[in-house]
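Being a predicted model, the structure only gives us computed values, none of them experimental. Proteins come first, then strands; the chains are lettered A, B, ... in the order of their sequence lines, and each starts at number 1. Hydrogens, waters and symmetry mates play no part in the numbers below; they use all other heavy atoms, side chains included.
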2 protein chains.
Amino acid sequence: MATPQLTKNQTLVMDALSHSEGPMSAYTILDKLRDHGFRAPLQVYRALDKLQEYGMVHRLESLNAFVACTCPHDHEHDHGVTAFTICEGCGQVTEFHDEAIEQRLSTLTRAQNFKTEKTTIEIRGHCQSCA
Amino acid sequence: MATPQLTKNQTLVMDALSHSEGPMSAYTILDKLRDHGFRAPLQVYRALDKLQEYGMVHRLESLNAFVACTCPHDHEHDHGVTAFTICEGCGQVTEFHDEAIEQRLSTLTRAQNFKTEKTTIEIRGHCQSCA
DNA sequence: GCAATTGATGTAATAACATTACATGACGAC
DNA sequence: GTCGTCATGTAATGTTATTACATCAATTGC
């Protein structure tokens with residue numbers, strides 16, 4: 001999907017996430033953006049929905065939080081399955097992609113005639129520094 | 001981990017989940033168990049925590065819901081990584097395990113010196129009937 | 001026996017996350 | 001200009017999860 005011009009709110013949310021060290025909850029983003037006129041959760045959720053649609057933001061299901069995509073490419077093509085390691089110590093999140101896993105999952109879902117729409121892979125643990 | 005004798009509340013929650021077609025939220029479980037004396041969310045969450053610890057229940061992060069483990073074995077040994085397909089149509093959840101994926105993830109996390117504690121794999125889509 | 005500890009339970013209150021409903025404004029197509 | 005569409009603003013509410021504190025039962029050590 002081609003990334004369209006972002007709206008004002010989408011830009012604000014994207015910037016907040018980009019400049020953050022780690023993942024942020026919707027309400028944390030809201031608080032960061034109060035100075036910029038944000039008043040209600042919905043403003044954040046609406047922007048996040050679009051940004052996810054554009055592939056610029058990922059939702060971490062196990063944290064109820066959001067991160068900017070760290071993928072070096074632009075977002076004009078699909079990157080397939082996205083996986084994350086999430087450090088319980090420092091909160092660091094690392095995004096990665098792996099063709100082999102993607103293939104294998106595809107084989108397995110195909111075997112049960114399952115039509116995949118979205119795949120979530122999240123690995124909780126401790127990073128090298130926090131082990 | 002050897003499965004200990006379940007307490008009264010744990011048994012009630014486990015039975016509720018076992019007899020359910022699909023995943024249930026904590027609050028849905030609570031409602032089902034009002035007749036059995038449950039009054040507060042915490043009673044459910046405490047039981048669920050233990051049941052997950054014993055490997056008898058899995059949490060579906062992308063649904064904020066819980067399912068009984070469908071693994072045919074008893075729960076006295078680790079089954080490694082658990083993955084799920086989740087149908088958006090009928091709500092059916094299928095649990096599966098795959099050695100190849102486990103190996104591959106292990107290799108990848110090892111490469112970043114990441115110590116895995118819990119792995120979440122959830123595939124949202126449509127099952128054969130609902131496609 | 002009987003403190004002391006541990007683990008399960010009960011209850012209330014609150015925190016954290018997310019959505020519904022409805023109103024308004026900006027802008028291009030026609 | 002008016003219609004349709006999309007972004008926005010605001011309030012209210014719904015859903016999920018935790019904190020804090022009190023009680024009770026079983027076990028241990030003395």
Side-chain angles (χ1 to χ4, degrees), chain A residues 1-17 20 22-54 56-67 86 88 91 118 120 122 124, chain B residues 1-17 20 22-54 56-67 86 88 91 118 120 122 124:
Chain A
M1 159 183 338
T3 304
Q5 188 65 28
L6 297 184
T7 67
K8 174 164 155 280
N9 285 1
Q10 287 159 18
T11 303
L12 286 166
V13 169
M14 191 65 216
D15 285 354
L17 275 177
S20 165
M24 298 174 88
S25 78
Y27 278 74
T28 303
I29 295 172
L30 175 57
D31 285 341
K32 292 261 186 211
L33 295 181
R34 294 226 184 251
D35 293 348
H36 295 273
F38 273 48
R39 313 297 313 271
L42 193 49
Q43 296 176 287
V44 178
Y45 283 111
R46 284 202 273 230
L48 286 172
D49 283 349
K50 287 296 182 184
L51 293 170
Q52 286 174 85
E53 193 182 318
Y54 305 152
M56 303 172 69
V57 163
H58 300 293
R59 174 187 175 84
L60 299 172
E61 300 288 355
S62 67
L63 292 179
N64 293 333
F66 303 84
V67 285
I86 302 170
E88 311 270 7
K118 180 167 195 299
T120 297
E122 296 177 17
R124 307 284 292 263
Chain B
M1 158 185 336
T3 303
Q5 187 66 27
L6 298 184
T7 66
K8 175 164 153 281
N9 286 0
Q10 288 159 18
T11 304
L12 287 167
V13 169
M14 191 65 214
D15 285 353
L17 275 178
S20 165
M24 297 174 88
S25 78
Y27 279 75
T28 303
I29 296 171
L30 175 56
D31 286 340
K32 292 262 186 211
L33 295 181
R34 296 231 183 245
D35 293 347
H36 295 272
F38 273 48
R39 312 297 313 271
L42 194 48
Q43 296 176 287
V44 178
Y45 283 111
R46 285 203 274 232
L48 285 172
D49 283 349
K50 286 296 181 184
L51 292 171
Q52 286 174 85
E53 193 182 318
Y54 305 152
M56 302 171 71
V57 163
H58 300 293
R59 175 187 174 83
L60 300 171
E61 300 288 355
S62 67
L63 293 180
N64 293 332
F66 305 84
V67 285
I86 302 170
E88 311 271 6
K118 179 167 195 298
T120 297
E122 297 178 16
R124 306 284 292 265

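Atom P of nucleotide dG9(D) and atom CZ of Phe38(A) are separated by 7 Å, given to the nearest angstrom. To the nearest angstrom, P of dC6(D) lies 17 Å from CG of Asn9(A). In this entry the distance linking NE2 of His36(B) with C1' of dG10(C) reads 18 Å, nearest Å. Here dG7(C) presents its P atom at 17 Å from CD of Gln5(B), a figure rounded to the nearest Å. Atom NZ in Lys8(B) sits roughly 15 Å away from atom C1' in dG7(C) (whole-Å rounding). Rounded to whole Å, atom P of dA8(C) lies 14 Å from atom CG of Leu48(B).
Expressed to the nearest 0.5 Å, how far CE of Met14(A) lies from NZ of Lys50(A) amounts to 15.5 Å.
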Show me the donor-acceptor pairs, under 3.5 Å and distance only, between side chains in residues 22-30 of chain A and residues at least two apart or in other chains.
| from | atom 1 | to | atom 2 | distance (Å) |
| --- | --- | --- | --- | --- |
| Ser25(A) | OG | Tyr27(A) | N | 3.4 |
| Ser25(A) | OG | Thr28(A) | N | 3.1 |
| Ser25(A) | OG | Thr28(A) | OG1 | 2.9 |

Taking only distance into account, with no hydrogens and no angle test, what donor-acceptor pairs under 3.5 Å do side-chain atoms of residues 58-67 of chain A form with protein atoms, sequence neighbours excluded?
| from | atom 1 | to | atom 2 | distance (Å) |
| --- | --- | --- | --- | --- |
| His58(A) | NE2 | Glu95(A) | OE2 | 3.2 |
| Arg59(A) | NE | Glu61(A) | OE1 | 3.0 |
| Arg59(A) | NH2 | Asn64(A) | OD1 | 3.2 |
| Ser62(A) | OG | Glu122(A) | OE1 | 2.6 |
| Ser62(A) | OG | Arg124(A) | NH1 | 3.1 |

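Neither OP1 nor OP2 of dT8(D) sits under 4.0 Å from any side-chain N or O of Gln43(A). A sub-4.0 Å separation between OP1 or OP2 of dT8(D) and a side-chain N or O of Thr7(A) is present.
The side-chain hydrogen bond (donor to acceptor under 3.5 Å, both in side chains) search around Asp15(B) returns none, not counting sequence neighbours. Partners of Asp49(A) under the side-chain hydrogen bond (donor to acceptor under 3.5 Å, both in side chains) rule, at least two apart in sequence or in another chain, do not exist in this structure.
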Within the sub-3.5 Å range, which N or O atoms of nucleotides 11-20 of chain D have a protein N or O partner, and how far apart are they?
| from | atom 1 | to | atom 2 | distance (Å) |
| --- | --- | --- | --- | --- |
| dA17(D) | OP1 | Arg59(B) | NH1 | 3.0 |
| dA17(D) | OP1 | Arg59(B) | NH2 | 2.3 |
| dA17(D) | OP2 | Tyr45(B) | OH | 2.9 |
| dA17(D) | O5' | Tyr45(B) | OH | 3.3 |
| dA17(D) | N7 | Tyr27(B) | OH | 2.5 |
| dA17(D) | N6 | Tyr27(B) | OH | 3.1 |

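Residue pairs satisfying the side-chain hydrogen bond (donor to acceptor under 3.5 Å, both in side chains) criterion with at least one member in residues 32-42 of chain A, sequence neighbours excluded, are listed as follows: Asp31(A)-Arg34(A).
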